[in-house]
Amino acid sequence: MRVLVVGSGGREHALVWKLSQSRGVTELHAAPGNPGISRLAELHDVATEDIPALVELARRLRPDLVVIGPEAPLVAGLGDELRAINLSVFGPGAAAATIEGSKAFARDVMEAAGVPTARRLPEAVAPCVLKADGLAAGKGVFVCPTATDVALALPKVEAFGGELIIEELLVGREISVFAVCDGETAVALPVAQDYKRIGDDDTGPNTGGMGSYSPAEIPGGLSATEVLDRVHRPVLRELARRGTPFQGLLYAGLMATDTETFVLEFNCRFGDPETQSILPRLDHDLFELLLGAANRELAADIVEESEDAAVTVVMASPGYPDSPRGGVELRGATDALEPDLLVFHAGTASSGGSLVAAGGRVLNVTGIGRSIDAARERAYAGVAAIEFPAAQYRSDIARVAVTHEA
Ligand code: AMP
Ligand code: GLY
C-alpha cells in the first residue's frame, strides 16, 4: 500500500516513521517532508499551503491513504478536494476542521453538544482570557490575570482581526486527549502531557510545544474513555448531525479545575510534540488504524499501548518563538532511529552536504524506557550527544512525572 503524508514537522516525521513499520505499507511519500523524513519516504517539493499542487500530486501518485498533518491545509479544504477524487483521507474536511479554525464555532458546537467549556464574558475585565477567533499558530490567546495584562493584550488580539472572544480565566491542570475518529465512532490514543511555555518551570512565552511525555495521567481522575464519552463523542454526534462528520484526529485540550474538566480548545490534527511521545508507545498498526478511520470503518475499540514510557525534548533555535535564528550546522546523533532513542526532524534543511537548523523548533529527541525516569534520562543523553550551538531546550520535561512516580 502507498501512503502520502502531508507536512514537514516532527509530527510528520513521527507519523512516517510509525507508518514505515506497518505491515501493509510498501511505499511512503511526503510533501514536502524534511531531511529526516527523506530517509524513510520519497519527498515531493510541494508546500503544505499549495492546495492545487497537493491535489495534483495525489492525483498522480494515487495513494491508498493520505494523512494530512498540519491544520492549515485541513482548514483550507484539502481533505474535501482529495475525497472528491475518491482518495481515502485521514483528516477532516474544511467544515469539520472549523472546530480548530474558529473558536466561536467550537464554542457553538460545544454548547449544542453539552460539553463544558469556559464561560464567555461580556467585557474584557481582568481576570479573563482574550482569544482571536481564527487560526493564529498558538499566538492568538492571551491569559490576563490583571488589568495591565488586559491593556497590553487587547491591541495584540485585535491585530488578528475577526471576532474577539473573552472567556473566564480557569485555573487548573492541562492535558490533551486525542481520539481517532471515523465520523461516527472514536477510539482514544495513549495520553500525553505537553509543555507549552519556552522556559523551565513554565516561564516565558507560549510556544508550539517544547516537550512531551507519555503515559500521562489525566488530572481530575477521569480515564481517557470517560473523556471521550463526555467530550469527543458528543462533539462527533453534533458535527455528524450538522452534515459535516469529522474523520481524523480530534484533539481536545482540557483544563481540570477542582470541580470540573473543561475543554479549552479543539484541534483537528495530531498534536506536536505530543505525537512524538505517543506513536513510539503504540502497539497497534498505525496504517490500519488511520485507514479504518478514513474509510468510515474504524474497527478498534481500544488502541493497545506498550508498557514503555516515552519522553520528547524539543531543541529549538535561539530567538524562538519570537524571531528564531536558523542557519547553524547540526552534528551528532541527528539521524538516530534506535529502539530507545528517536530523533525526529522538524525545522532542518540540507545545505551543501550538511544538516542545518532552518526553523523555530528544529529537532525532537525522544527517549524510550521502562519508566518515565529511564525514558527521560535517555532523551537528555540524546540531547547531550547533539551539537546544536545556542539551542534552546527545557531541562524539566517529565520532571514532575518522575517526582510523582517516586
Ligand atoms: P487555546 O489555544 O485556546 O488552547 O489556548 C492556549 C492556552 O491558553 C491554553 O493551553 C491555556 O494554557 C490557556 N487558556 C486558554 N483558555 C483558557 C481559559 N479559559 N482559562 C485559562 N487558561 C486558558
Ligand atoms: N502541542 C500543541 C499543539 O499541537 O497544538
Side-chain angles (χ1 to χ4, degrees), residues 7 9-12 14-15 69-72 74-75 97 99-107 110 115-121 124 126-145 149-150 153 156-157 160 164-178 189 191-198 202-214 216 219 231 248-257 260-279 312-314 316 321 344 346 360-361 364 394 397:
R11 164 184 54 206
E12 286 78 21
L15 285 163
E71 61 276 17
L74 289 165
V75 171
I99 195 111
E100 174 166 0
S102 161
K103 293 192 187 287
F105 175 84
R107 293 189 61 87
M110 282 192 270
V115 171
T117 187
R119 267 185 313 127
R120 200 163 175 170
L121 303 178
C128 66
V129 179
L130 305 181
K131 299 186 174 186
D133 181 52
L135 283 189
K139 299 192 179 102
V141 175
F142 298 85
V143 178
C144 303
D149 297 318
V150 172
K156 292 188 193 163
V157 72
F160 284 100
L164 165 67
I165 292 166
I166 310 160
E167 284 181 359
E168 69 177 313
L169 195 162
L170 299 169
V171 178
R173 284 183 56 204
E174 286 186 52
I175 192 90
S176 13
V177 176
F178 298 176
L189 290 183
V191 179
Q193 179 73 51
D194 181 23
Y195 288 77
K196 285 209 162 76
R197 303 291 195 95
I198 186 82
D202 292 331
T203 52
N206 264 328
T207 69
M210 292 300 290
S212 63
Y213 67 85
S214 180
V231 173
L249 195 289
L250 184 59
Y251 167 139
L254 308 173
M255 170 88 85
T257 67
E260 174 70 278
T261 300
F262 295 92
V263 173
L264 295 182
E265 64 165 341
F266 283 110
N267 293 322
C268 64
R269 37 86 193 165
F270 281 96
D272 185 345
E274 294 97 315
T275 303
Q276 290 87 311
S277 289
I278 290 173
L279 295 185
T312 301
V313 178
V314 171
F344 297 119
R361 294 187 292 174
N364 309 150
R394 283 182 61 158
I397 304 302

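All values below come from the heavy atoms of this structure, side chains included, with hydrogens, waters and symmetry mates left out. Note that ligands are numbered from 1 as they come in the structure, with each ligand's atoms numbered from 1 the same way.
- Under a cutoff of 6.0 Å and an axis angle of 45°, R269 and Y251 form a cation-pi pair.
- Heavy-atom proximity to N267, at under 4.0 Å, picks out these atoms of ligand 2: 5 (O).
- Here's the thing with D194: one of its N/O atoms is less than 3.5 angstrom from an N/O atom of ligand 2.
- Taking every non-hydrogen atom of G208 and a distance limit under 4.0 Å, the qualifying atoms of ligand 2 come out as 1 (N), 2 (C).
- The distance from atom CD1 of I99 to atom CG of L74, rounded to the nearest 0.5 Å, is 13.0 Å.
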Worked check of side chain to side chain contact (heavy atoms under 4.5 Å, CB included) between K196 and E174: CA-CA 10 Å; K196 285 209 162 76; E174 286 186 52; 3.9 Å; yes
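- Closest heavy-atom approach to atom 10 (O) of ligand 1 within the set K131, E174, M255: this belongs to E174.
- Applying the 4.0 Å criterion to heavy atoms of E167 picks out, from ligand 1, the atoms 16 (N), 19 (N).
- Residues satisfying the side-chain hydrogen bond (donor to acceptor under 3.5 Å, both in side chains) criterion with E12, sequence neighbours excluded, are absent altogether.
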Evaluation steps, side-chain hydrogen bond (donor to acceptor under 3.5 Å, both in side chains), between D133 and S102: CA-CA 5 Å; D133 181 52; S102 161; 3.0 Å; yes
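- Of all atoms in ligand 2, listed by their number and element, those nearer than 4.0 Å to a heavy atom of E274 are 1 (N), 2 (C), 4 (O).
- Side-chain polar atoms of S277 and S214 form no donor-acceptor pair below 3.5 angstrom.
- For ligand 2 and G271, the ligand atoms under 4.0 Å from any heavy atom of the residue are 4 (O).
- Nearest to atom 7 (C) of ligand 1 by heavy atom, out of V141, L170, V263, is V141.
- Taking the six-membered ring where tryptophan is involved, the planes of Y213 and Y195 are tilted, since the angle between them lies from 30° to 60°.
- Closest to atom 3 (C) of ligand 2, if we only count protein heavy atoms, is R269 NH1, 3.5 Å.
- Remark: among candidates R119, E265, R197, E168, the nearest residue to atom 19 (N) of ligand 1 is E168, based on non-hydrogen atoms.
- Those atoms of ligand 1 that come under 4.0 Å of a heavy atom in K196, given as number and element, are 10 (O).
- Applying the 4.0 Å criterion to heavy atoms of K103 picks out, from ligand 1, the atoms 1 (P), 2 (O), 3 (O).
- Contact of the C128 side chain with the V150 side chain is registered, since non-hydrogen atoms from C-beta on lie closer than 4.5 Å.
- Those atoms of ligand 1 that come under 4.0 Å of a heavy atom in L169, given as number and element, are 20 (N).
- When T117, D194, V129, V143 are ranked by how near their heavy atoms come to atom 18 (C) of ligand 1, first place goes to V129.
- Not one N or O of K196 is nearer than 3.5 Å to an N or O of ligand 2, by distance alone.
- For ligand 1, the atoms sitting less than 4.0 Å from at least one non-hydrogen atom of A118 are 19 (N), numbered in the order shown with element in parentheses.
- Looking only at atom types and distance, the side chain of S176 has a donor-acceptor partner in the side chain of E274 under 3.5 Å away.
- In this structure, the salt bridge (Lys or Arg N to Asp or Glu O under 4.0 Å) partners of E167, at least two apart in sequence or on a different chain, are R107, K131.
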